[in-house]
2 protein chains.
Amino acid sequence: MTARSSGRHRKQNGASVTVSTSSTAILFVGVQVPRLTDARKELRRTQIAAAAVRCFSRNGLERTSIADITAESGLSAGSIYAHYRNKADLVRAAAREVLAKRADVIGEYAAADAPPDPDDLLSRLIAAIDPAEARVGVQTWGEATTDPAIREIVVDMTDRMRAMLHDCVTAWLVKVEHREPAVAREHATPIAHRVMALYQAELLYTALRTPIEVTTS
Amino acid sequence: MTARSSGRHRKQNGASVTVSTSSTAILFVGVQVPRLTDARKELRRTQIAAAAVRCFSRNGLERTSIADITAESGLSAGSIYAHYRNKADLVRAAAREVLAKRADVIGEYAAADAPPDPDDLLSRLIAAIDPAEARVGVQTWGEATTDPAIREIVVDMTDRMRAMLHDCVTAWLVKVEHREPAVAREHATPIAHRVMALYQAELLYTALRTPIEVTTS
DNA sequence: GTCTATACGATGATAGAC
DNA sequence: GTCTATCATCGTATAGAC
């Protein structure tokens, strides 16, 4: 992740802004703002990554060729390599995106005012599973078993998710079950662990049992 | 599973048997027995599959080349292709072997006289996990998301395992908890489901957190 | 059945024009 | 930045001798 900063907007305050090819644009003498084009660059990256995820969902991480991604994204090979150093880099980005999206879903419930009980929490998490992303998620698990970079991403995201679940369960124990915060945190650990495990199993189940939807376009 | 029949034993009834290179050996006029060499053939197949599993454990399903397997098995490419139609065929065989081994472990406990309670059952299953096989197992999950043949194998083995767990839990409910067999079977279903889920999660955990052991030879 | 050597296809990645 | 065209590499699978 050597991603650089980003900016945005075509025009700013109605003033016609000269976009240079350097990393910063000089609006007035001595005034520099982050390059507006950087946001586009980041947008392109996510656009490419999204296309890649769709391909991965259909054909798997390794069976997806750069040609597949060019077809899916509408861009060319050269353009893709202008945004990602190589295919492994793109795979890492896609893995992060998919796993982060999962973590975000958990984060929403974890931050709720009325924390759901563990069963309810699990039910909601399962209901939010997207089959296509579940497939890519499981693919990243497989890749993580041999690729250190992917493993780090997966382990990191998994730990983060577990921590969020722990917070959520703790909040439920304190607010609803009226336990002492200290004991709540302790009791929450094995519960969060189980919710996580059951969620992962359900993710696997969805990835295996849900038919691959055909891209309609 | 289009596994063919197999013979065994080097000698039969003390009679010295002439081993021909044809698919059947003619002992006496008109009397044919399954070729004794078939056992050897099957042995070679498992030998190759075992070498493949070791490679997969280190480098993954797709990153493992035929050259890797020749190096690991000590055989040549030609020899491997004499026993497996193609690489996909070999991968399927390896997947079956690994997943079946897992099912066997469960079968042992399921058939025990004094059925362990669910927690104990899970503990034993977890204790029997082999890190290298866990990795290949998780890899098959990833592959199953896009390869129909692998998916069928994984789903089949998973269902079989779950059924065994169901039998085990039912036996425990009947023999230890003294429930009626009918209600026991019904109550066993969600419990078996959970044991399975927690086992799968633990398998994933092991696959991700256990360092890849270096082949010492 | 097993080997060596090789053909062929696929794919990741680059060069250079625009 | 994006394209087209191309290269070089790698890996599956086969051919043919032993």
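First the proteins, then the strands, lettered A, B, ... as listed; each starts at 1. In this text, all values refer to a predicted model and were calculated from it rather than measured experimentally.
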Taking only side-chain N and O atoms of A/Arg40, does any of them lie within less than 4.0 angstrom of OP1 or OP2 on D/dG1?
no

For atom OH of B/Tyr84 and atom C1' of C/dG1, their distance in whole Å:
15 Å

Cation over ring, A/Arg135 on A/Phe56, under 6.0 Å and within 45°?
no

Smallest heavy-atom separation, B/Glu213 atom then B/Ser57 atom, equals OE2-OG, 4.5 Å

If only side-chain N and O atoms count, and only distance matters, is there a donor-acceptor pair under 3.5 Å linking A/Thr170 with A/Asp167?
no

Rounded to the nearest Å, what distance is computed from the NZ atom of residue A/Lys87 to the C1' atom of nucleotide D/dC10?
13 Å

With a 4.5 Å limit on heavy-atom distance, are the side chains of A/Gln200 and A/Met196 in contact?
yes

Derivation of the side chain to side chain contact (heavy atoms under 4.5 Å, CB included) call for B/Ile129 and B/Leu125:
CA-CA 7 Å; B/Ile129 292 177; B/Leu125 290 175; over 6 Å; no

Whole-Å distance separating the CZ atom of A/Arg85 from the P atom of C/dT14:
10 Å

Go through the side-chain N and O atoms of A/Asp68 and A/Ser65 and say whether any donor and acceptor fall under 3.5 Å apart.
yes

Stretch residues 56-81 of chain A: residues that reach within less than 4.0 Å of DNA chain C through a heavy atom:
A/Thr64, A/Ser65, A/Ile66, A/Tyr81

Give the rounded distance in Å between these two atoms: CD1 of B/Ile48 and C1' of C/dC3.
14 Å

